[in-house]
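Heads up: the structure comes next, in structure tokens.
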Amino acid sequence: MKRAERIKHILNNFDKESYRKNLIHWFKEEQRILPWRENQDPYRVWVSEIMLQQTRVDTVIPYFNHFMDKFPTPDALAQADEQEVLKAWEGLGYYSRARNLQNAVREVVSEYEGVVPADAEELGNLKGVGPYTRGAILSIAYDIPEPAVDGNVMRVLSRILRVEDDISKQSTRKLFEGLVKELISDEDPSSFNQGLMELGALVCTPKTPSCMLCPVQEHCRAFDEGVETELPVKASKKKQKKSPYLLLLVQNEKGDVLIEQRPDTGLLASLWQYPMVPLEDIGHEAVANWFYGEYGLKVEVGESVDRIKHVFSHLIWEMEVIKVTVKEGTLDHERAIFIAPEDMEDYPFPVSHQKAHPHINR
DNA sequence: CAGACGTGGTC
DNA sequence: TGACCAAGTCT
């Protein structure tokens, strides 16, 4: 069945008007007070939407407040140093979001006189603004009835309408966008979209939804048929691959510590870290030799002081922390420097690496 | 489409 | 403890 046809079929006999009114009313009464809901400033909405991607509200709140203090306008963010932006993002994860956001804001400043576009195509062409964020900005900041389909929306609507498609597939997101287009209207599209998401966050939760408190229970086909916990359908993820590393706490005679900047693309791009030895390639015995080749310094490899595990979405670093002392030589490495431990706060560092920090002696 | 891309919380 | 998750986007 074609998508348009399916949408018509799914919404057959569904009381859109009543559903819409109930949801909007509930949202206006029960919505949480959140910093990005203080006003409709498109820049604030934008920043919040980027931060909230795959990230909990409680985690985002302090980052958002700090970020808006530091970069209150598109101009301020456009002019900032990229490392400064990454530092403000430190610990939030998915760092390409920060880089893309700044690139896109610079484009808004140069191409649109600093005004966030209220146009779907212009918005969607900005780096880091995908279908969801585009719809969120259009509806929340500009009251334009566009779908903003995230995980919450797919969970809520998969239950309301009993849609059993795998929500990890892109085509399924498009199906839900088509459904939202039919459900949303000129009547407060901002509250409608936010209500869908807020309902998913507060009531229609993944594990044990509070159906008895649900403002649209009467519209819910999954509840009616007792299958709400079976939805949404989602393919299981693959297990992460483990990679063992030696994490080197290298100190020179002054007590300064060696750190290096990661490549500008890929995992943790442009962030700083302690030197790491991939154990799959090198091996404990060969570390001193390998280190001399990489950094031009003769070192004494000390003992293991800690183990740190860092879990990513797609892989796991298992790091053994080793103390290393510089004996002689001059540092010869493009992206590595010695710094005083107390200056660590100037450099954006992945959080788990900072756990090694207390083991440094001055 | 599948896989890369973070981190902290929960059961 | 492992698995899944939390307001996705890019390649």
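Residue numbers start from 1 in every chain, and the chains themselves are labelled A, B, ... in the order their sequence lines are given, proteins ahead of strands.
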Does a side-chain N or O from A/His310 land closer than 4.0 Å to OP1 or OP2 of B/dG6, or not? no

Tell me whether the side-chain N/O atoms of A/Tyr95 come closer than 4.0 Å to OP1 or OP2 in B/dT7. yes

Rounded to whole Å, how long is the line connecting atom CG of A/Asp58 with atom C1' of B/dG8? 11 Å

Taking only side-chain N and O atoms of A/His314, does any of them lie within less than 4.0 angstrom of OP1 or OP2 on B/dC5? yes

Nearest-Å distance, CG (A/Leu126) to C1' (C/dC10)? 15 Å

So, for A/Trp272 and A/Phe349, is the gap between ring centers shorter than 6.0 Å? no

What is the nucleic acid contact for A/Gly200, judged by heavy atoms within less than 4.0 Å: base, sugar-phosphate only, or nothing? nothing

Spacing between A/Arg262 atom CZ and B/dC5 atom C1', to the nearest angstrom: 12 Å

Nearest-angstrom distance, P atom, B/dG8 to C/dT9: 22 Å

How do A/Arg97 and A/Lys169 order along DNA chain B: which one's closest nucleotide is nearer the 5' end? A/Lys169

Just wondering, do A/Leu77 and A/Val85 contact through their side chains at under 4.5 Å, heavy atoms? yes

I need the CE-P distance between A/Met51 and B/dG8, as an integer number of Å. 15 Å

Given DNA chain B, 5'-ward residue of the pair A/Ser171 and A/Ala269, judged by closest heavy atom: A/Ser171

For A/Trp36, which of A/Phe67, A/Phe64, A/Trp46 qualifies under ring-ring contact (aromatic ring centres under 6.0 Å, His included)? A/Phe64

Which part of the nucleic acid, if any, lies within reach of A/Ser48 when heavy atoms closer than 4.0 Å are counted: base, sugar-phosphate only, or nothing? nothing

For A/Val311, which contact category applies under a 4.0 Å heavy-atom criterion: base, sugar-phosphate, or nothing? base

A/Tyr132 side-chain proximity, nearest of C/dT9, B/dT7, B/dG3: C/dT9

Membership question, hydrophobic clusters at under 4.5 Å side-chain separation (ILVMFWY): are A/Leu126 and A/Leu52 in the same one? yes

What nucleic acid atoms does A/Val153 come within less than 4.0 Å of, heavy atoms only: base, sugar-phosphate, or nothing? nothing

Would you measure the distance from the P atom in C/dA6 across to the matching atom in B/dC11 and give it in whole Å? 11 Å

Between C/dT1 and B/dG6 - P atom distance, rounded Å: 25 Å

Residue closer to the 5' end of DNA chain C, A/Val57 versus A/Asn100 (nearest nucleotide): A/Val57

Using the rule that Ile, Leu, Val, Met, Phe, Trp and Tyr join whenever any side-chain heavy atoms are under 4.5 Å apart, tell me whether A/Ile259 and A/Met319 fall into a single cluster. yes

Would you indicate what A/Leu268 reaches in the nucleic acid, counting non-hydrogen atoms under 4.0 angstrom: base, sugar-phosphate, or nothing? sugar-phosphate

Sub-4.0 Å heavy-atom contacts from residues 31-40 of chain A onto DNA chain C, ordered by number: A/Arg32, A/Leu34, A/Trp36, A/Arg37

A/Lys181 NZ to A/Leu183 CG distance, which is reported to the nearest 0.5 Å: 12.5 Å

In whole angstroms, how far is the C1' atom of C/dT9 from the CG atom of A/Asp150? 14 Å

For nucleotides B/dC5 and C/dG2, find the distance between their P atoms and express it as a whole number of Å. 23 Å

For nucleotides 1-6 of chain C, which of its nitrogen or oxygen atoms have a protein nitrogen or oxygen under 3.5 Å away, and what is each distance?
residue : atom : partner : partner atom : Å
C/dA6   : N3   : A/Gln54 : O            : 3.2

Name the orientation class of the two ring planes belonging to A/Phe312 and A/His310 (parallel below 30°, tilted from 30 to 60°, perpendicular beyond 60°). tilted

If I compare all heavy atoms of A/Ala98 with all of A/Leu86, which pair ends up nearest, and what's the gap? CB-CD2, 4.2 Å

May I have the distance from A/Trp89 (atom CH2) to B/dT7 (atom P), rounded to whole angstrom? 13 Å

Aromatic ring pairing A/His353/A/Trp317, orientation class (parallel under 30°, perpendicular over 60°, tilted between): tilted

Over all atoms of both residues, closest heavy-atom pair of A/Gln102 and A/Ala80: NE2-O, 2.8 Å

Is the closest side-chain heavy-atom distance between A/Leu258 and A/Pro275 below 4.5 Å? yes

Please report, rounded to the nearest Å, how far the C1' atom of B/dA4 is from the CD1 atom of A/Ile316. 15 Å

How long is the line joining CD of A/Glu49 and C1' of C/dG8, in whole Å? 11 Å

